[in-house]
Protein chains: 2
Amino acid sequence: MKQVVELLRTHAIQPSAQRVAVANYVLVTKEHPTAEQVFHAVTATFPTLSRATVYNTLHLFVKKGLLKQFALTEGVSVFDPHVEPHHHFVDDETGAIVDIPWDRIRVEGADDLPGIDVRDFQVVIRGKRHRRRTTNKAT
Amino acid sequence: MKQVVELLRTHAIQPSAQRVAVANYVLVTKEHPTAEQVFHAVTATFPTLSRATVYNTLHLFVKKGLLKQFALTEGVSVFDPHVEPHHHFVDDETGAIVDIPWDRIRVEGADDLPGIDVRDFQVVIRGKRHRRRTTNKAT
DNA sequence: AGCGACATTTGGAATAAGTCCAAAGTTGGA
DNA sequence: TCCAACTTTGGACTTATTCCAAATGTCGCT
Ligand SMILES: [Mn+2]
Ligand SMILES: [Mn+2]
Ligand SMILES: [Zn+2]
Ligand SMILES: [Zn+2]
C-alpha cells in the first residue's frame, strides 16, 4: 500500500522494501505480535527478510513513535501499533492480548503520585474469556 | 528466622535449608527481584545454592501462593512477596519497581467487561522519580 | 553513467533468561 | 536401619534477543 510509504516518510524513516513489508503487517494488525510473529507473517510475502532486520525495523518504529513495545507475558515483548493510551486484557488461557478502550475504565489518582513524574499508565487485566457464545454473529 | 519455617510448613512446603534461605530473602524483600537477583542475594549466605534450585523454589512459592511473578520489563520476570492486590510504578531510568497501595488509585469498570472473567487487574505506571528531595542534608 | 559516502540488510555468532535432565544427596517414617 | 519419595545439583539445552562485520543498496554529485 502506498499510504504506508508516506507514513514512513512523514516519520523520517527511509521506506526500504523490507521496512514497507514489515510496516504493512505490524502497523495494521489488531493483534499484539511478538517479533517472531512479525517475522513469520512478513516472510510469507518477503521470503528473504532476515530476523535481524525485523528487530531493527521494529525498534526503529518504536523509536519513531509508530509502535509501542511492552512486556505483558514473561519471556517475550509484543508490539502494538495502537499508540494512543488504552488498556489491555490478557487471556490467561491463550495468551491473547486484547485492547480495552481508554474510556471504558475510569482511573483516578494514577497521575498524581508524590515524587513521581508519570509519563504513562494503563490498566492490565488478566482472566479468561467467557465460554464462546453459540453460533451467532458478533456485534 | 523460625517464622519462615512455620510459614513454609503452613503452605505445605518442606522447609529444606535451601528453601528457607531463599524464603528469608524473597519473602521479606520490599523490592521486586529477578531470579538472578535472588540467586546473588542468597548465595552470599548460602554459597552452594544452585541456580536451578532458585528457579525451582521461586516457582514452588508462586504455586503455593507465597509469591507473585510478573513481567513489567522486557526480558525478565520479577517476584513479589506482596501478594495482595496493589499497583506498580516502574521507574524508566533505573528500572526500579515500586508498590502503589491498592486504595491510592480508584479504578472503575475494570472488572465488568463483557465476555471477560476478570481474575485480577492492576494499574502499571511508568515515569521517573522527581529529583531527589534531600530534606536536611546538603550534597 | 560512475563514484563515494552513507544507510540498510544479512547470516551467523554471542548473550541472557529460563528450562530440562539424569545423577547424587537428603529425609521421614515404617 | 532402610528405603521410597523428595530435593538439589551442574550442565546441557532452548528461546528470545543483541551484536557484528561483510555485503548490498541509495543518493547526490560530477
Ligand atoms: Mn498464603
Ligand atoms: Mn531472553
Ligand atoms: Zn494494545
Ligand atoms: Zn509489588
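Naming convention: chains lettered A, B, ... in sequence-line order (proteins, then strands); numbering from 1 in each chain.
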J.: Of all residues at least two apart in sequence or in a different chain, which pass the ring-ring contact (aromatic ring centres under 6.0 Å, His included) check with H82(A)?
T.: H86(A)

J.: Is there a side-chain hydrogen bond (donor to acceptor under 3.5 Å, both in side chains) between Q69(A) and S77(A)? Walk through the geometry before answering.
T.: CA-CA 7 Å; Q69(A) 171 175 15; S77(A) 284; 3.1 Å; yes

J.: For the side chain of H32(B) and the backbone of V78(B), is there at least one donor-acceptor N/O pair under 3.5 Å apart?
T.: no

J.: Restricting to pairs with a member in residues 8-35 of chain B, which pass salt bridge (Lys or Arg N to Asp or Glu O under 4.0 Å), not counting sequence neighbours?
T.: E6(B)-R9(B)

J.: Grab the N/O contacts between the protein and nucleotides 25-30 of chain C below 3.5 Å, and write none if there aren't any.
T.:
none

J.: Tell me which residues in residues 31-45 of chain A lie within less than 4.0 Å of DNA chain C, going by non-hydrogen atoms.
T.: none

J.: Using a cut-off of less than 4.0 Å, is there contact between a side-chain N or O of S16(A) and OP1 or OP2 of dG25(D)?
T.: no

J.: Under 3.5 Å, is there a donor-acceptor pair between the side chain of T43(B) and the main chain of F39(B)?
T.: yes

J.: Can a side chain N or O of Q18(A) be found less than 4.0 Å away from OP1 or OP2 on dG25(D)?
T.: no

J.: How would you list all residue pairs meeting side chain to side chain donor-acceptor pair (under 3.5 Å) that involve residues 103-119 of chain A, not counting sequence neighbours?
T.: R119(A)-D92(B)

J.: For L8(B) and dT7(D), what is the distance between atoms CG and P respectively, to the nearest whole Å?
T.: 11 Å

J.: Please lay out, stage by stage, how V42(B) and V54(B) fare under the test side chain to side chain contact (heavy atoms under 4.5 Å, CB included).
T.: CA-CA 9 Å; V42(B) 180; V54(B) 170; 5.8 Å; no

J.: Could you go through F61(A) and H11(A), starting from their C-alpha distance and side-chain angles, then the distance that decides it, and tell me whether this counts as side chain to side chain contact (heavy atoms under 4.5 Å, CB included)?
T.: CA-CA 9 Å; F61(A) 288 180; H11(A) 285 261; over 6 Å; no

J.: By a strict heavy-atom criterion of less than 4.0 Å, which residues belonging to residues 47-68 of chain A are in contact with DNA chain C?
T.: T48(A), L49(A), S50(A), A52(A), T53(A), N56(A)

J.: Does a side chain donor of either H88(A) or D99(A) reach within less than 3.5 Å of an acceptor in the other side chain?
T.: yes

J.: Provide, to the nearest angstrom, the distance between the CD atom belonging to E74(A) and the P atom belonging to dA17(C).
T.: 14 Å

J.: Which is it for L67(B) and V26(B) under the side chain to side chain contact (heavy atoms under 4.5 Å, CB included) test, yes or no, and what are the steps along the way?
T.: CA-CA 8 Å; L67(B) 283 181; V26(B) 81; 4.1 Å; yes

